[in-house]
Colleague: 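Right, I'll just put the structure down here and ask away after.
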2 protein chains.
Amino acid sequence: MAVTIKDVAKKAGVSPSTVSRVLSNHPRISAETSRRVREIMEELGYHPNIMAKSLVSRTTNSICIMLPKSAEELFSNFFFMELIRGIVTQANRQGFDVLLSSGANEKDEVEGVARLLNGHRVDGVILLYSRTDDPVVDFLYQNNHKFVLIGRSEQYADILSVDTDNVQASYDATKHLVSLGHQRIGFVSGPPDLVVSKDRLQGYLQALSDAGLESKPEWIVEGEFLQESGYRAISFFMNLPDRPTAVVLVDDVISFGVLRGLHELNYKIPDDLCLVSFNNIPLAEMSTPPLSSVDIGIYNMGYTASQMLIQAIQHKDNDKVSTARYVIPHRLVVRESSIFSVPKV
Amino acid sequence: MAVTIKDVAKKAGVSPSTVSRVLSNHPRISAETSRRVREIMEELGYHPNIMAKSLVSRTTNSICIMLPKSAEELFSNFFFMELIRGIVTQANRQGFDVLLSSGANEKDEVEGVARLLNGHRVDGVILLYSRTDDPVVDFLYQNNHKFVLIGRSEQYADILSVDTDNVQASYDATKHLVSLGHQRIGFVSGPPDLVVSKDRLQGYLQALSDAGLESKPEWIVEGEFLQESGYRAISFFMNLPDRPTAVVLVDDVISFGVLRGLHELNYKIPDDLCLVSFNNIPLAEMSTPPLSSVDIGIYNMGYTASQMLIQAIQHKDNDKVSTARYVIPHRLVVRESSIFSVPKV
DNA sequence: GTGAAAGCGCTAACAG
DNA sequence: CTGTTAGCGCTTTCAC
């Protein structure tokens, strides 16, 4: 049996409530008592029972990260790990614990989150993705739970979220290629049910249109956030009669697949095809050639999301939070994969 | 105020204990009562308060993953994400929640783990690394806590751990190069205070010695699990008078740095230098050229670790567990980075 | 400034 | 098979 507040109280010759007050730095407690109690706590190796505290205080000082249905299949692991690092770092700094949860399917996810939230196991949730029509978001929203979305919701305007301005980011990436003189620019997208895919596609189209450039349906390919997608997409592109001379890709990992595919087909980068992708993972700088990539500050997104959530939890004043969409700035990092001007085809 | 067991009891016309029994599938409860109570629970939207349950049952059904001091600086993110995926998947399957914790330094780590364990917030811990002389391990061991080490402890024999046979794995990788005819084989290691670095170095040396090959100190370089390490190491190697014709690297990510470095120096792989590394991350297959790599079953390691820990938690019979070091099998995946025979230098 | 008492929501003997 | 009772360890009025 572990040492409790009572044991400390007895040994210190005070009441349990006094010990409790020392623990929570109650203002009206004598310095002397406080000192002595702390001494005894140390001596006895006392550790407050977090569960008991939570039970009475109705707050858990922990948040939950909901991993997407199958993180492995959707994105590069790097993205999630960075996000998680940012979240955990900030949460721990604020004295919050972080729970990791995932579900085999959407129903599972809702149930898991419901169990945690309704069962008072966590105070809030961070969602690491944004799908269109997400039942988890519906649940959280309708039951008035505290949560933050990494990404953007298409249905609800008044929810906390932290996001990249993906339309603008994609616009910038495309514009960069346009400014180098490219006229035929392709686009490799991610799963169409993710908001990020749609937003980046939109930015790409907008940039082309603003530049007065043509956009052909066959220059746009949908895939997964996987190398294989890039690998496949590229053989398709390169066989087109009027093939693109440059391409925007929604994830660095896809670029790696493209790099591999082009190498096998004996094409040179950037001479035969220029590339710009997203996320700027560390490996982007180490590939051959180094990749131009839009850095979206992933760690920062996680850090900020955690901060927003904990703030919302602690200031329980407003039930329905005033809209707060926090946009993390992005920046295009230009490297060799795009620095040559238009290849002569 | 949320709906409690009492509300359900009242509405169902039974006592709270009966409701509790229904909840825990107590054998001696009439099917009819059980049905009615469940119905009411559904109707009222009842969710058991996990904290209250934990408080009385003295078990939390959750475990904690301790991230190394600074995951970002030590290993490829991929490694950790895979481990975590394995752990979370298995834990959730068993109805356990997973808490993520990290500390800014070793003292922080011990304190965090102590707070969680002594504070009865988690039932056990998984350590994602194994350093030599780790105070966290000391703490866990001496206080008789349930924990599993991913890796190997040099100090304690009787602790739960899941590991790769790194000596053998490294032996295999080196032998592969030997069998291709290489006589001068280099080694790029990780931080020397990690057990994995030492084990792999040992396997490498053993293989050389068994093959009657020379091993020179200048063919062995210590670094971090970072691309930069490879990048730096390689310029050193290539300038050696009697430079290695092949090299074993402790992590795929280091290989990427090497690839980049060699490319800039205008060397060709595998013609000028053969490479074998560890982890077999997805990108290994997509690099140019594809990397030969030892697959150590990272996800499997996480999954197994979680399984072992939960088992230890549930069968609390034995206080000091009988030694249980579980070794996950590895396999060398040969790709282009090593399939040519000895380059003529 | 400190103590006494009540109770957070649940489980687990002990009766019946 | 089910109800009664007594806490788990902590916080928090309300007194003094």
Side-chain angles (χ1 to χ4, degrees), chain A residues 1-38 40-41 44-62 95 115-123, chain B residues 1-38 40-41 44-62 95 114-123 316:
Chain A
M1 194 99 328
V3 24
T4 77
I5 217 171
K6 278 187 187 171
D7 303 324
V8 177
K10 192 174 298 172
K11 182 133 188 181
V14 296
S15 80
S17 16
T18 301
V19 178
S20 169
R21 289 193 181 99
V22 171
L23 233 38
S24 51
N25 294 312
H26 192 102
R28 300 189 311 196
I29 207 87
S30 84
E32 167 54 14
T33 307
S34 171
R35 196 197 50 70
R36 208 174 67 255
V37 168
R38 281 181 204 285
I40 308 271
M41 295 199 303
L44 261 39
Y46 169 76
H47 284 265
N49 184 313
I50 308 179
M51 296 304 180
K53 183 182 156 89
S54 285
L55 181 56
V56 39
S57 69
R58 315 185 136 290
T59 138
T60 67
N61 266 44
S62 30
R115 183 180 61 83
L116 258 18
L117 247 9
N118 292 330
H120 292 277
R121 163 113 212 152
V122 300
D123 297 333
Chain B
M1 193 102 328
V3 24
T4 78
I5 217 172
K6 278 189 186 170
D7 304 324
V8 177
K10 193 175 296 172
K11 182 134 188 181
V14 296
S15 80
S17 21
T18 301
V19 178
S20 170
R21 289 193 182 99
V22 170
L23 233 38
S24 51
N25 293 311
H26 191 102
R28 302 188 310 196
I29 206 89
S30 84
E32 167 54 16
T33 308
S34 171
R35 197 196 50 70
R36 207 172 70 255
V37 169
R38 280 180 205 287
I40 308 272
M41 293 197 308
L44 261 40
Y46 169 76
H47 282 266
N49 183 312
I50 307 180
M51 295 304 182
K53 183 182 157 91
S54 284
L55 180 56
V56 42
S57 71
R58 315 185 133 291
T59 137
T60 66
N61 266 39
S62 32
R115 184 181 60 83
L116 258 18
L117 247 9
N118 293 330
H120 291 276
R121 176 167 218 108
V122 300
D123 298 332
K316 43 190 69 173

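In the text below, chain A, chain B and the rest are named by the order of the sequence lines, each starting its count at 1.
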Colleague: Roughly, in whole Å, what's the span from CG in A:Leu23 to P in D:dT12?
Modeller: 11 Å
Colleague: Would you mind classifying the nucleic acid contact of A:Leu55 as base, sugar-phosphate or nothing, using non-hydrogen atoms under 4.0 angstrom?
Modeller: base
Colleague: It should be established whether A:Ser30 places a side-chain nitrogen or oxygen under 4.0 Å from OP1 or OP2 of nucleotide C:dG1.
Modeller: no
Colleague: OP1, OP2 of D:dC8 versus side-chain N and O of B:Ser54: anything below 4.0 Å?
Modeller: no
Colleague: By nearest nucleotide on DNA chain D, pick out whichever of A:Ile5 and B:Gly13 is the more 5' one.
Modeller: B:Gly13
Colleague: In whole Å, I'd like the distance from the CZ atom of A:Arg36 to the P atom of C:dT2.
Modeller: 9 Å
Colleague: Quick one: which protein N/O atoms are closer than 3.5 Å to N/O atoms of nucleotides 13-16 of chain D? Pair and distance per line, please.
Modeller:
residue : atom : partner : partner atom : Å
D:dT13  : O4   : A:Arg21 : NH2          : 3.3

Colleague: Using atom NZ of A:Lys53 as one end and atom P of C:dC10 as the other, report the distance to the nearest whole Å.
Modeller: 21 Å
Colleague: Sequence neighbours excluded, which residues qualify as salt bridge (Lys or Arg N to Asp or Glu O under 4.0 Å) partners of B:Arg21?
Modeller: none
Colleague: Grab the CZ-P distance between A:Arg58 and C:dC8 for me, whole Å please.
Modeller: 8 Å
Colleague: Should B:Thr4 be listed as having a side-chain N or O under 4.0 Å from OP1 or OP2 of C:dG9?
Modeller: no
Colleague: Which pairs, with at least one residue in residues 9-18 of chain B and sequence neighbours excluded, count as a salt bridge (Lys or Arg N to Asp or Glu O under 4.0 Å)?
Modeller: B:Lys11-B:Glu43
Colleague: Please report, rounded to the nearest Å, how far the P atom of C:dC10 is from the NE2 atom of B:His120.
Modeller: 20 Å
Colleague: Checking B:Ser62 now: which residues fulfil side chain to side chain donor-acceptor pair (under 3.5 Å) with it, not counting sequence neighbours?
Modeller: A:Arg121, B:Thr60
Colleague: For A:Asn118, what residues pass the side chain to side chain contact (heavy atoms under 4.5 Å, CB included) criterion, not counting sequence neighbours?
Modeller: A:Ala114, A:Phe139, A:His145, B:His47
Colleague: Send over the distance from A:Asn49 CG to C:dC8 C1', rounded to a whole Å.
Modeller: 13 Å
Colleague: Could I get the full list of salt bridge (Lys or Arg N to Asp or Glu O under 4.0 Å) partners for A:Arg115, not counting sequence neighbours?
Modeller: B:Asp97
Colleague: Roughly what angle, to 10°, lies between the helix axis at the start of the helix from C:dG1-D:dC16 to C:dG16-D:dC1 and the one at its end, five pairs per end?
Modeller: 30°
Colleague: Side chains of A:Tyr46 and A:Ile40, heavy atoms from C-beta outward: is any pair under 4.5 Å?
Modeller: no
Colleague: Within the 4.0 Å heavy-atom criterion, would you say A:Thr33 contacts the bases, only the backbone, or no part of the nucleic acid?
Modeller: sugar-phosphate
Colleague: Are any side-chain N or O atoms of A:Ser57 and backbone N or O atoms of A:Lys53, one a donor and one an acceptor, separated by less than 3.5 Å?
Modeller: yes
Colleague: Among residues at least two apart in sequence or on other chains, which ones pass salt bridge (Lys or Arg N to Asp or Glu O under 4.0 Å) with B:Arg38?
Modeller: none
Colleague: Between P on C:dG9 and NE2 on B:His47, what's the gap in Å once rounded to a whole number?
Modeller: 15 Å
Colleague: Looking at the side chain of A:Val56, which of C:dC8, C:dC10, C:dT11 is the nearest nucleotide?
Modeller: C:dC8
Colleague: Given A:Ser15 and A:Thr18, is the side chain to side chain donor-acceptor pair (under 3.5 Å) satisfied, shown in steps?
Modeller: CA-CA 5 Å; A:Ser15 80; A:Thr18 301; 3.3 Å; yes
Colleague: Holding to side chain to side chain contact (heavy atoms under 4.5 Å, CB included), I want the full list of residues that pass it with A:Leu55, two or more places apart in sequence or in another chain.
Modeller: B:Asn49, B:Ala52, B:Leu55
Colleague: Contact class for B:Val14 vs. all strands (heavy atom < 4.0 Å): base, sugar-phosphate, or nothing?
Modeller: sugar-phosphate
Colleague: Look at the side chain of A:Thr18 and decide which nucleotide, out of C:dG3, D:dC10, C:dC8, has an atom nearest to it.
Modeller: C:dG3
Colleague: NZ of A:Lys6 versus P of D:dT11: gap in Å, rounded?
Modeller: 14 Å
